[in-house]
Colleague: 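Below is a structure I'd like to ask you about.
Computation of the quantities below employed the complete heavy-atom set of this structure, encompassing side-chain atoms and omitting hydrogens, waters and symmetry-equivalent molecules. Predicted model, so just to flag it, every value in this text is computed and none were measured.
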Amino acid sequence: MGQTFSNAQTSPKLANDDNTKTKHARLLELPNLFNSNVRKLYSPIELLCLKKNLGLPKLTSNTNISKAKLLETIGIPSDSMIGEIVFTIIRQLSYFFSSDCSGFSETDLISVFGILKAAAILNPEKSLKLIGNRRLKIEIVILCFSTDRFDILQDSHTGIVDSTTSDIIEIPVIGNSVMWSEFQQLLHSVECHINSTNVSASKLLSIIQLCLLLSTIVLGQNKSLPLSKLYNLKDGKLWGLFHDTALCILRSCDLSLSANNYNEKDICGRQFVDLICNPEKPQAVTFPYLLEPFCHVLDSLFYDKLNGVEPLLGAQNLSRILDRPRLAQLATVLPADNVYFGLQKMYIASNDGFSISALENRIFKWMAPTVMLIKGKTSHESQKLRTGHYDASCSSGMTSAFEREFPKFYPTDDLSLPKNDDFEREHEVLFAVYTKKPWKISNKVCFGDNSSYILQMAQRQIICRSSGVKDNFAYFSNVGGGVGFGSQPPLVKNSVAFYRPGEVSLTLDSGLEYGNFRHLSVPGTFERGSCYLLRENTPEYEVFFHVTNIEVWGCGSESELEEQKKRWDWENREAASRKQLNSVTWDDGRALLEMAGLVGKNQYGGSM
């Protein structure tokens, strides 16, 4: 469950193939070659379903479909903001690698072949066959987030690939298919365009909201259903439900971005791509699955709508923390199937109690991976502690003993986080910690492995993965040291804990009441925050917070869940049986032992 996309994902048919050859072609022939590859991706039954769903008497490439008709067919209200976002991006994709872009921005029409091309680029399976490289596909899609027209046949800076020339060039091919992922001129052109493309933060926020809202479309048969069967897209409240969570994700792209200024900001296309797929810096990947839901918006066009398939809903609101938006956010990091069907409730502090013993009783029998969620709130006094210049003598008394006694932190002056109006006052924090190894008492030596990571979900999404430098992944102290990740277990003497926070660490006190997240500019057991790795300087900071809730969820396959359930059922039956035996009187108990032949006139109890 802790796995993420392979950043270097390529088509097995295309990668390192001995049959790779080169073919000579004129530059102006490239769009036709690309279109030819698109046509080969569709089966007759898919084309028949497309014809039927669009209500066409005959399917021809140049037949135009109106915006209203297309959106209605895929189940999106044509007069909605969602409809405008989806259609704009699809129309952009339909002109990708096109030699004729006349009327690009002046019509609400899209050709049948344009739909086929857009669907082929979006759909994960088809795009892998067509483009052969996941990062290249993501770059193309994000280029289409901008409303500006771009010519992929021309370099945005140097004009190295000039669409006006008739020069003959070499292109890599396998059989009759072009290996677009190995075509250097295309890679160079897309890279130049993505480096120079900016998307308004407000538009990107809406796209992220849409991806979160559509999160469950990737589940099983949902891809074959119109969106109107899965979601009530006319409900404005549903759209607004995902705004704050989307903003947490957007903040990963720009550290100075806040709820007050995002309408004035632009996000660099390259920055956004690097946070989704980054073969050169895989530790920087922050939301690998974010765009997956959008990649399936056109899939229902190629299925029979009268197939009687029912929606696969999955979990909707599991708990106070894991509500619908947070589940969708978690699905940007973990596969959606695991999030919506693979979580088993183990511990909810608001129900089971904020205590180490309650936590131990609920999670120590689980043999599969777990996700611990920690929600809290900072205070104004706590914010002062982030600077490292806190003066306890000037305190108003609102800080905790945990904060005052925690080892002091003195950041480098020029490595502090940019000022952010949202963070200067009280705000919510939310962390998730993924641990593959089973929990155990670890008062002196930590447990865990390199698959462990810390995920910050609010107010900014950040992943701190294993660095490979140290192995202080997690500890669970039942002698007064609390719970921590990325640090050595505290030294506890005379009921006083002496904390030893790591360079990148998350620490909870023994009462599960207060916490600290520390982030230095050098890695410890955990690497520095994912989105910070794209910056020249890594910020140093820490956050103290009052814990408001803690949840632990077991995760794994259905077989693991079933096996664990059997183990728990057996242990519960054994405990109930022992409780029943302990409640009988001595006379009743002696009678039972005599019946078993264990005691009698000439026998005594004890070991046999």
Colleague: Checking Gln92 side chain against Leu143 main chain: does a donor-acceptor pair fall under 3.5 Å?
Modeller: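 No; judged by distance alone, with no hydrogens or angles, the pair does not exist.
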Colleague: Are Ser400 and Glu403 close enough that a side-chain donor and a side-chain acceptor fall under 3.5 Å?
Modeller: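 The answer is yes; a qualifying pair exists.
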Colleague: Looking only at atom types and distance, does a side-chain atom of Ser530 sit under 3.5 Å from a main-chain N or O of Thr286, one as donor and one as acceptor?
Modeller: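 Not a single qualifying donor-acceptor pair exists.
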Colleague: If we only count heavy atoms from C-beta on, is the Lys203 to Ile207 side-chain gap below 4.5 Å?
Modeller: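 Lys203 reaches Ile207 side chain to side chain.
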Colleague: Regarding Ser452 and Lys437, is there a side-chain donor-to-acceptor distance under 3.5 Å anywhere?
Modeller: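 Side chains of Ser452 and Lys437: no pair found under 3.5 Å.
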Colleague: Assess the pair Tyr434 and Phe485: is the distance between their ring centroids shorter than 6.0 Å?
Modeller: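 Centroid distance Tyr434-Phe485: not below 6.0 Å, so no.
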Colleague: Heavy atoms only: give me the nearest Ile462-Cys531 pair and the separation to one decimal.
Modeller: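 Ile462 and Cys531 have their closest heavy atoms at CG1-SG, 3.9 Å.
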Colleague: Can we say Asp274 and Arg135 salt-bridge, meaning some charged N sits less than 4.0 Å from an Asp/Glu carboxylate O?
Modeller: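 Salt bridge between Asp274 and Arg135, a charged N being under 4.0 Å from a carboxylate O: yes.
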Colleague: Should Ile208 and Phe287 be marked as a side-chain contact (heavy atoms from CB on, under 4.5 Å) after you check the CA-CA gap, both sets of side-chain angles, and the distance that decides it?
Modeller: CA-CA 11 Å; Ile208 295 172; Phe287 29 78; over 6 Å; no
Colleague: Taking the side chain as C-beta and beyond, is there a heavy-atom pair between Leu290 and Phe272 under 4.5 Å?
Modeller: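 SC-SC contact between Leu290 and Phe272 confirmed.
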Colleague: I need the single residue from Arg528, Lys470, Arg518 that forms a salt bridge (Lys or Arg N to Asp or Glu O under 4.0 Å) with Glu503. Which is it?
Modeller: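 For Glu503, the salt bridge (Lys or Arg N to Asp or Glu O under 4.0 Å) check succeeds only for Lys470.
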Colleague: Has the side chain of Asn261 got a donor or acceptor atom that lies under 3.5 Å from a matching backbone atom of Glu264?
Modeller: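 Not confirmed, Asn261 side chain does not pair with Glu264 backbone.
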Colleague: Please report the interatomic distance SG(Cys464) to CD1(Ile454), rounded to the nearest 0.5 Å.
Modeller: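 Reported value, rounded in 0.5 Å steps: 5.5 Å.
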Colleague: Show the nearest heavy-atom pair for residues Leu343 and Cys555, with the distance to one decimal.
Modeller: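 The answer is CD2-CB, 3.9 Å.
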Colleague: Would you call Leu506 and Gln456 a side-chain contact if the rule is heavy atoms closer than 4.5 Å?
Modeller: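 With C-beta onward as the side chain, the pair stays apart.
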Colleague: Between the side chain of Asn549 and the main-chain N/O of Ser350, is any donor-acceptor distance below 3.5 Å?
Modeller: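 Side chain of Asn549 to backbone of Ser350: a pair is present.
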Colleague: Is it true that atom NZ of Lys265 has more than 12 heavy atoms of other residues, nucleotides or ligands lying nearer than 6.0 Å?
Modeller: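 More than 12 within 6.0 Å, yes.
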Colleague: With distance as the sole criterion, is a donor-acceptor pair present between the side chains of Gln329 and Thr245 under 3.5 Å?
Modeller: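 Per modelled atom types, Gln329 and Thr245 side chains form no pair under 3.5 Å.
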Colleague: Report yes if some heavy atom in the side chain of His296 is under 4.5 Å from a heavy atom in the side chain of Asn222; otherwise report no.
Modeller: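 They are not in side-chain contact.
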Colleague: Is it true that a side-chain atom of Tyr347 and a backbone atom of Gly353 form a donor plus acceptor pair closer than 3.5 Å?
Modeller: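 Judged by distance alone, yes, a pair lies under 3.5 Å.
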Colleague: Which atom names give the shortest non-hydrogen contact between Val285 and Ile276, and what distance separates them?
Modeller: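 Closest heavy-atom pair between Val285 and Ile276: CG1-O, 3.4 Å.
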Colleague: Can you tell me which residue among Phe354, Phe476, Trp439 is in a side chain to side chain contact (heavy atoms under 4.5 Å, CB included) with Leu359?
Modeller: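 It is Phe476; the other options fail the test.
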Colleague: Would you check if Glu513 and Phe402 make a side-chain contact, meaning some heavy-atom pair closer than 4.5 Å?
Modeller: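 Side chain of Glu513 against side chain of Phe402, heavy atoms only: no contact under 4.5 Å found.
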Colleague: So, for Pro489 and Val445, which heavy atoms are closest and what is the spacing to 0.1 Å?
Modeller: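 Looks like CG-N, 4.1 Å.
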Colleague: Are the side chains of Trp239 and Gln209 in touch, meaning some heavy atoms are under 4.5 Å apart?
Modeller: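 Yes; the side chains approach each other to less than 4.5 Å.
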Colleague: Using side-chain heavy atoms (C-beta onward) and a distance below 4.5 Å, is Leu219 in contact with Phe341?
Modeller: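 Yes. Closest side-chain heavy atoms under 4.5 Å.
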Colleague: Is it the case that the side chains of Asn443 and Ser477 hold a donor-acceptor pair, with the cut-off being a distance below 3.5 Å and no angle test?
Modeller: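 Yes - a donor-acceptor pair under 3.5 Å links their side chains.
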Colleague: Look at the rings of Phe145 and Phe294 and say which category their plane angle falls in: under 30° parallel, 30 to 60° tilted, over 60° perpendicular.
Modeller: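 Ring orientation of Phe145 relative to Phe294: perpendicular.
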Colleague: Within a reach of under 6.0 Å around CZ of Arg500, are more than 12 heavy atoms found that belong to other residues, nucleotides or ligands?
Modeller: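 Atom CZ in Arg500 is packed in, count exceeds 12.
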Colleague: Where the side chain of Asn494 meets the backbone of Val496, is there a donor-acceptor pair that is under 3.5 Å apart?
Modeller: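 Not confirmed, Asn494 side chain does not pair with Val496 backbone.
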Colleague: Just to verify, which of Tyr514, Phe517, Phe431 counts as forming a ring-ring contact (aromatic ring centres under 6.0 Å, His included) with Phe545?
Modeller: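 Looking at Tyr514, Phe517, Phe431, the match for Phe545 under the ring-ring contact (aromatic ring centres under 6.0 Å, His included) is Phe431.
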Colleague: Identify the heavy atoms of Ser181 and Leu187 that sit nearest to each other, and give their distance.
Modeller: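 Closest pair (atom of Ser181, atom of Leu187, distance): O-CD1, 3.2 Å.
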Colleague: Measuring only between side-chain heavy atoms, which start at C-beta, is Leu257 closer than 4.5 Å to Leu250?
Modeller: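 Yes, close enough: below the 4.5 Å cut-off.
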Colleague: Just by modelled atom types, is the Ala336 backbone N or O under 3.5 Å from a matching donor or acceptor in the Tyr289 side chain?
Modeller: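 Flag not set: sc Tyr289 to bb Ala336 has no pair under 3.5 Å.
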Colleague: Got a donor-acceptor contact below 3.5 angstrom from the Arg460 side chain to the Arg251 backbone?
Modeller: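 Indeed, once roles are kept as given, a pair shorter than 3.5 Å links the two residues.
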Colleague: Considering the options Leu205, Leu233, Val297, Val86, which one meets the side chain to side chain contact (heavy atoms under 4.5 Å, CB included) requirement together with Leu210?
Modeller: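 By the side chain to side chain contact (heavy atoms under 4.5 Å, CB included) criterion, Leu210 pairs with just one of Leu205, Leu233, Val297, Val86: Val86.
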Colleague: Step by step, would you call Thr538 with His519 a side-chain contact (heavy atoms from CB on, under 4.5 Å)?
Modeller: CA-CA 9 Å; Thr538 302; His519 186 282; 3.4 Å; yes
Colleague: Where do Tyr499 and Ser487 land on the side-chain contact (heavy atoms from CB on, under 4.5 Å) test, with the steps shown first?
Modeller: CA-CA 9 Å; Tyr499 295 97; Ser487 305; over 6 Å; no
Colleague: Check this for me, if you would: do Arg270 and Glu191 make a salt bridge, where the nitrogen-to-carboxylate-oxygen distance has to be below 4.0 angstrom?
Modeller: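 Looking at Glu191 together with Arg270, the answer is yes, because their closest N to O distance falls below 4.0 Å.
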Colleague: Examine distances only and state if a side-chain atom of Ser521 and a backbone atom of Pro539 form a donor-acceptor pair shorter than 3.5 Å.
Modeller: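 No: the side chain of Ser521 does not pair with the backbone of Pro539.
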Colleague: Do Ser505 and Phe526 pass the side-chain contact (heavy atoms from CB on, under 4.5 Å) test, and can you show the C-alpha distance, the side-chain angles, and the key distance before you say yes or no?
Modeller: CA-CA 7 Å; Ser505 57; Phe526 293 107; over 6 Å; no
Colleague: Within the distance-only criterion (no hydrogens, no angle test), does the side chain of Lys137 pair as donor or acceptor with the backbone N or O of Leu122 below 3.5 angstrom?
Modeller: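 Yes.
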Colleague: Which heavy atom of Lys281 sits nearest a heavy atom of Leu533, and at what distance?
Modeller: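 Minimum heavy-atom separation between Lys281 and Leu533: NZ-O, 3.1 Å.
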